[in-house]
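Not measured: the values here are computed from a predicted model.
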Amino acid sequence: MTTLLVIAKEPRPGRVKTRLTPPFTPEEAAALAEASLADTLDVVARTPARRRVLVLEGAPGPWLPPGFDVVRQCAGGLDERLAAAFAGCDGPALLIGMDTPQVTPELLTVDFADCEAYFGPAEDGGFWALGLARPDPARLRGVPMSTPETGAAQRARLTGLRVRQLPPLRDVDTAYDAELVAKAAPGGRFATELERLTGAGR
């Protein structure tokens with residue numbers, strides 16, 4: 001069975017979702033980040049897994065459900081932090097971020113029986129999910145992160161492996177992204193929080 005990894009930041013004002021500011025305040029952006037993280041962790045908690053790991057920058061909060069091991073992110077760039085997350089696994093692992101609260105247990109229930117990797121492209125050119133049957137940190141180190149070419153560069157690192165592609169999803173980076181993601185998952189905490197923040201006529 002697969003280890004599910006979630007890499008995330010503690011949702012603190014001024015430290016998360018800074019591209020939501022403006023139109024949102026840093027406190028509002030952090031509230032949206034917390035709702036997105038809570039939705040994501042809830043989905044992971046409901047997905048069959050060998051182990052569930054939150055790879056966290058910061059400290060856990062009341063948004064963390066039971067059943068997760070919490071591992072502190074290492075120092076370095078995002079590529080190094082993702083590589084270290086996989087290095088801590090001794091079997092098949094699937095990693096996602098905290099930016100796709102519309103994810104479902106069905107999307108995360110992967111089977112490596114007929115492949116060696118999973119790749120979930122993001123609509124902004126990055127990727128929202130990466131799965132490796134044999135976690136190899138070298139497949140992530142040196143990949144340029146947070147650029148429009150990140151997804152293509154990471155996908156190229158999987159050359160030689162049998163790869164199954166997951167559906168593309170939109171990350172929550174901007175207010176426009178937030179609106180579309182909330183519509184894709186209307187019953188979640190994220191959509192509810194966005195409605196609370198925008199319902200006053202923003």
Side-chain angles (χ1 to χ4, degrees), residues 1-9 11 16-17 20 31-56 60-71 82 85-86 89 91-133 135 150-151 154-155 158 162-197:
M1 193 171 283
T2 304
T3 293
L4 295 177
L5 303 163
V6 179
I7 188 159
K9 290 183 178 181
V16 292
K17 294 294 151 210
L20 292 175
L32 287 168
E34 180 173 334
S36 178
L37 178 56
D39 278 344
T40 301
L41 294 175
D42 178 66
V43 168
V44 171
R46 293 187 286 115
T47 304
R50 175 187 178 195
R51 184 182 175 214
R52 298 173 184 86
V53 182
L54 175 62
V55 186
L56 183 65
W63 36 263
L64 178 64
F68 282 80
D69 296 330
V70 179
V71 175
L82 296 179
F86 276 105
C89 300
L94 179 72
L95 179 143
I96 65 171
M98 61 183 282
D99 304 331
T100 51
Q102 73 274 41
V103 75
T104 65
E106 290 74 24
L107 286 174
L108 300 184
T109 303
V110 296
D111 183 358
F112 287 94
D114 61 351
C115 70
E116 296 159 302
Y118 277 85
F119 184 75
E123 294 188 11
D124 64 359
F127 61 96
W128 68 268
L130 179 66
L132 296 171
T150 293
Q154 183 59 70
R155 180 64 179 81
L158 306 179
R162 294 171 294 165
V163 181
R164 293 184 69 176
Q165 184 155 308
L166 295 166
L169 293 182
R170 179 178 292 272
D171 287 336
V172 175
D173 289 320
T174 66
Y176 177 72
D177 296 330
E179 291 177 11
L180 294 180
V181 168
K183 289 178 182 177
R189 296 177 183 85
F190 182 81
T192 300
E193 184 64 18
L194 182 65
E195 175 61 25
R196 185 185 75 81
L197 293 174

Enquirer: State which residue, out of L166, T150, I96, fulfils the side chain to side chain contact (heavy atoms under 4.5 Å, CB included) condition with F127.
Expert: T150
Enquirer: Quick one: does L54's side chain get under 4.5 Å of P60's, heavy atoms only?
Expert: no
Enquirer: Is it the case that the side chains of D177 and T174 hold a donor-acceptor pair, with the cut-off being a distance below 3.5 Å and no angle test?
Expert: yes
Enquirer: Please determine if D173 and K17 form a salt bridge, counting it only when a charged side-chain N lies under 4.0 Å from a carboxylate O.
Expert: yes
Enquirer: Would you say the side chain of L41 lies within less than 4.5 Å of the side chain of V6, judging by non-hydrogen atoms?
Expert: yes
Enquirer: Okay, side chain of W128, backbone of P167: is any donor-acceptor separation there less than 3.5 Å?
Expert: yes
Enquirer: I'd like to know if R52 and D69 make a salt bridge, using a cut-off of under 4.0 Å between side-chain N and carboxylate O.
Expert: no
Enquirer: Are V181 and P101 side-chain neighbours, meaning at least one heavy-atom pair lies under 4.5 Å?
Expert: yes
Enquirer: So, does E193 use its side chain to make a donor-acceptor pair with the main chain of L32 at under 3.5 Å?
Expert: no
Enquirer: Any donor-acceptor pair under 3.5 Å linking the side chain of Q102 with the backbone of D171?
Expert: no
Enquirer: Distance from S36 atom OG to L194 atom CG, nearest 0.5 Å?
Expert: 11.0 Å
Enquirer: Determine whether a donor-acceptor pair (N or O, by modelled atom type, separation under 3.5 Å) exists between the side chain of D39 and the backbone of F190.
Expert: yes
Enquirer: When you compare the side chain of P121 with that of F119, does any pair of heavy atoms fall below 4.5 Å?
Expert: yes
Enquirer: With distance as the sole test, does Y118 use its side chain to make a donor-acceptor pair with the main-chain N or O of L108 at under 3.5 Å?
Expert: no
Enquirer: Counting N and O atoms only, with roles assigned by atom type, does the side chain of T104 sit under 3.5 Å from a partner on the main chain of L107, one being a donor and the other an acceptor?
Expert: yes
Enquirer: Nearest heavy-atom pair of A184 and P186: which atoms, and what distance?
Expert: C-CD, 3.6 Å
